[in-house]
Amino acid sequence: MIKIKCENNQIAKTYKFGTRLHEIIKDQKIKLDYPILGALVNNKLKELSYRIFKPKTIKFIDITHPDGMRMYVRSLSFILIKATKELFPNVILTIEHSVSKGYFCEIKGLDKELSIEMVFKISNRMKKIIKKNIPFKREEILTEDAIKLFEKNKFYEKVKLLKSRKSLYTSIYYLGDQIDYFYGYLVPSTGYLKVFDIVKYYNGMLLMVPKRSDPVELEELILQDKMFEIFREYKQWGKILNVESIGDINEVVQKGNVGEILKIAEALHEKKVVQIADKIYDKKDKIKVVLISGPSSSGKTSFTKRLAVQLKVAGLKPVQISLDNYFVDREHTPRDEKGEYDFEVLEALDIKLFNNNLLDLFNGKEIKLPKFSFETGKKYYNHETLKINSEHIILVEGIHALNPELTPRIAPEIKFEIYVSALTQLGIDSHNRIPTTDNRLIRRLIRDYRYRGYSGIDTLKRWQSVRIGEEKNIFPYQEEADVMFNSALLFELGVLKKYAVPILSEIQENYSEYAEAQRLLKFLSYILPVPEDEIPPTSILREFLGGSSFKYD
């Protein structure tokens, strides 16, 4: 007999050796707001079929937990894969990226263009599979046998991935006669996945999923045409380099050719910065201020500095202003629902002073530039002044830069707006996408640890509140940008792995952040390390790794 403590009801009870999690749910009559999808066992995610062999602390989760939502989306994707394969046996379905509040999917190998009628048929087939409540079955087999299975099913990206990972055993999933591989766990059966939709979108379709905050409702489709175009551009870059998955990158690393991909990827970045600088130059008689926004760890600071260089090349005189220096004094900072200072809201900035400074500069006046001390929570001045003429252009960088309420007194025609984010197009394989938030989180973990004195636990604890702030203050305005810049680099996760793994490995299982650390470590385990010696000093990555030729405050 072994003792189990359930955090959901704070009951400790003994069970037979090998008891499964779903048996504990039944015995203790555990109820959550929504169906239980999985559990955190000693702060590590497990499926409900998991057997307990040692004393454990268990917390059951539903779709409102981030890991529960991931399980839901992953499982729903498997149903979509099965339904598509049953209707169109010779096609390849790829699940590519998150856009417009859904997941963009493309079907390759159709003999005609994907139609609304075909999407409707796929949706109906998915509903039939869900109604049958078919269990998802996981089996651990020798990796060499898994490779043979995936070769037989023409899942060649998975073959590349497993060959490069070098694990002796691999877990594969079955949904009826359909097999697949996922880098995370699934829900118990298809009957758990009743809330979904599929809609036709460009040349593919969007898989729509429930809201985490209200899982009986679907996310509302919000058209993000500019975002979609950026993803398409990045995908084209991948085709240029012949790299579309982690397996492709790993293969290049094993052959010793990653240096060429690194150089081309950096050159494509620079080419894009030049194109943006040229757009601004073409409107130099009108544009007076460039507003640059983006979420945490998107690389917007390095982008701003690189843009400044290219604007100088074009013959302009850029000057940079950071919104971080326009915070109101600490006693005037708004507080969140927990009573803590909320630095993510627009009201945390001195909007009046910022607008007055811009208008004075446009009118040829000299201004005193404010500085903000995060230690004292006060604004101060250190005799730094700024005056501009017709050859100058002002670059403003900050998370609220695209919010029209930041610049209510500035005429729209003199503004040029840029949105920067790390929009990862690369997937682990065609069915396992890499969320852009994971890319940014790994960047932030490294920067916080190396340059800001924060542990991995500190960063993971704050990440959810950072994401909530982004949803409120950044993402609603991204489609208003004149241009978007994708700061993700195809090779970067291989470079970041060297720094991220030790930080994540420090997090022990007695912390609730352990589950997230383990998820990220599993994800990074698929990626072969990439040497950083050829990364140029002006690269976006240098903002996180160090060795940049730019100076950061």
Side-chain angles (χ1 to χ4, degrees), residues 93-108 113-114 116 119 198-208 219-245 264-283 287 290-295 298-300 303-304 306-307 310 401-404 412 415-427 430 433-437 439-440 470-471 474-490 492 540:
L93 175 81
T94 60
I95 301 168
E96 299 193 357
H97 49 76
S98 174
V99 68
S100 298
K101 292 289 187 177
Y103 297 91
F104 180 70
C105 307
E106 199 169 3
I107 301 178
K108 300 174 184 176
E113 187 178 339
L114 182 69
I116 293 174
V119 172
I198 308 179
V199 295
K200 180 80 169 64
Y201 193 83
Y202 283 88
N203 59 325
M205 54 191 181
L206 281 183
L207 176 62
M208 306 301 295
E219 288 282 5
E220 295 174 14
L221 192 151
I222 298 173
L223 290 177
Q224 295 179 327
D225 295 336
K226 291 177 183 176
M227 180 72 71
F228 186 75
E229 284 302 318
I230 288 295
F231 274 119
R232 281 217 289 212
E233 179 184 55
Y234 194 84
K235 186 177 179 180
Q236 191 58 39
W237 289 4
K239 285 182 178 178
I240 290 169
L241 296 166
N242 199 27
V243 170
E244 297 184 67
S245 69
I264 296 171
E266 290 285 357
L268 287 166
H269 255 196
E270 197 60 34
K271 182 180 179 181
K272 187 71 177 178
V273 177
V274 171
Q275 288 171 349
I276 294 171
D278 288 344
K279 280 188 176 183
I280 295 169
Y281 181 80
D282 290 342
K283 299 179 180 178
I287 296 171
V290 178
L291 300 161
I292 303 162
S293 177
S298 58
K300 54 186 177 290
F303 168 80
T304 303
R306 287 173 70 166
L307 179 63
Q310 293 300 335
L402 300 190
N403 187 336
K415 296 188 288 189
F416 189 89
E417 299 179 333
I418 303 172
Y419 179 77
V420 180
S421 192
L423 305 170
T424 315
Q425 172 64 34
L426 203 66
S430 57
R433 52 180 287 277
I434 298 173
T436 60
T437 51
N439 200 146
R440 292 191 293 110
E470 292 170 352
E471 290 285 347
I474 301 174
F475 299 153
Y477 309 106
Q478 61 191 19
E479 282 292 311
E480 304 304 314
D482 293 291
V483 295
M484 291 187 177
F485 178 79
N486 186 0
S487 70
L489 288 154
L490 287 166
E492 74 170 90
I540 294 284

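Below, all heavy atoms of this structure are taken into account, side chains as well, without hydrogens, waters or symmetry copies.
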Y202 atom OH, over 12 foreign heavy atoms within 6.0 Å: yes
Quick one about N203 and E113 (side-chain donor to acceptor, distance below 3.5 Å, no hydrogens or angles considered), yes or no? no
Which atom of Y419 lies closest to which atom of P295, heavy atoms considered: OH-CD, 3.5 Å
For the student: nearest non-hydrogen atoms of I116 and K200, plus distance: CG1-CB, 4.0 Å
Any donor-acceptor pair under 3.5 Å linking the side chain of E219 with the backbone of M208? no
Hey, mind stepping through E480 and K415 against salt bridge (charged side-chain N to carboxylate O under 4.0 Å, His left out) and telling me if it holds? CA-CA 12 Å; E480 304 304 314; K415 296 188 288 189; over 6 Å; no
Which atom of V243 lies closest to which atom of L490, heavy atoms considered: O-CD2, 4.5 Å
Between N486 (side chain only) and I230 (backbone N and O only), is there a donor and an acceptor less than 3.5 Å apart? no
Any donor-acceptor pair under 3.5 Å linking the side chain of H97 with the backbone of G427? no
Enter the distance from F416:CZ to I280:CD1 here, rounded to the nearest 0.5 Å. 5.0 Å
Shortest non-hydrogen contact between L207 and C105, atoms and distance: CB-SG, 4.3 Å
For the residue pair S100 / Y201, report whether a side-chain donor-acceptor contact shorter than 3.5 Å exists. yes
Quick test of your reading of the model: are E233 and K226 salt-bridged, counting only N-O distances below 4.0 Å? no
Given the side-chain rings of F104 and F228, with only the six-membered ring counted for Trp, is the space between their centroids under 6.0 Å? yes
Presence of salt bridge, K235 and E106, under 4.0 angstrom: yes
Just so I know, are the side chains of H269 and F485 near enough to count as touching, which here means a heavy-atom distance under 4.5 Å? yes
Pair E471-K101, salt bridge (charged side-chain N to carboxylate O under 4.0 Å, His left out): steps then yes or no: CA-CA 11 Å; E471 290 285 347; K101 292 289 187 177; 3.5 Å; yes
Answer yes or no: are there more than 12 heavy-atom neighbours, outside N242 itself, under 6.0 Å from its atom CG? no
Which pair of non-hydrogen atoms, one from Q478 and one from L402, has the smallest distance, and what is that distance? CA-CD1, 4.3 Å
Are E96 and F231 close enough that some pair of their side-chain heavy atoms sits under 4.5 Å apart? no
Taking side-chain contact (heavy atoms from CB on, under 4.5 Å) as the criterion, tell me which of D278, V274, I276 meets it with Q310. V274
Rounded distance (nearest 0.5 Å) linking atom CG of L114 with atom CD1 of I107: 5.0 Å
Are any side-chain N or O atoms of S487 and backbone N or O atoms of S298, one a donor and one an acceptor, separated by less than 3.5 Å? yes
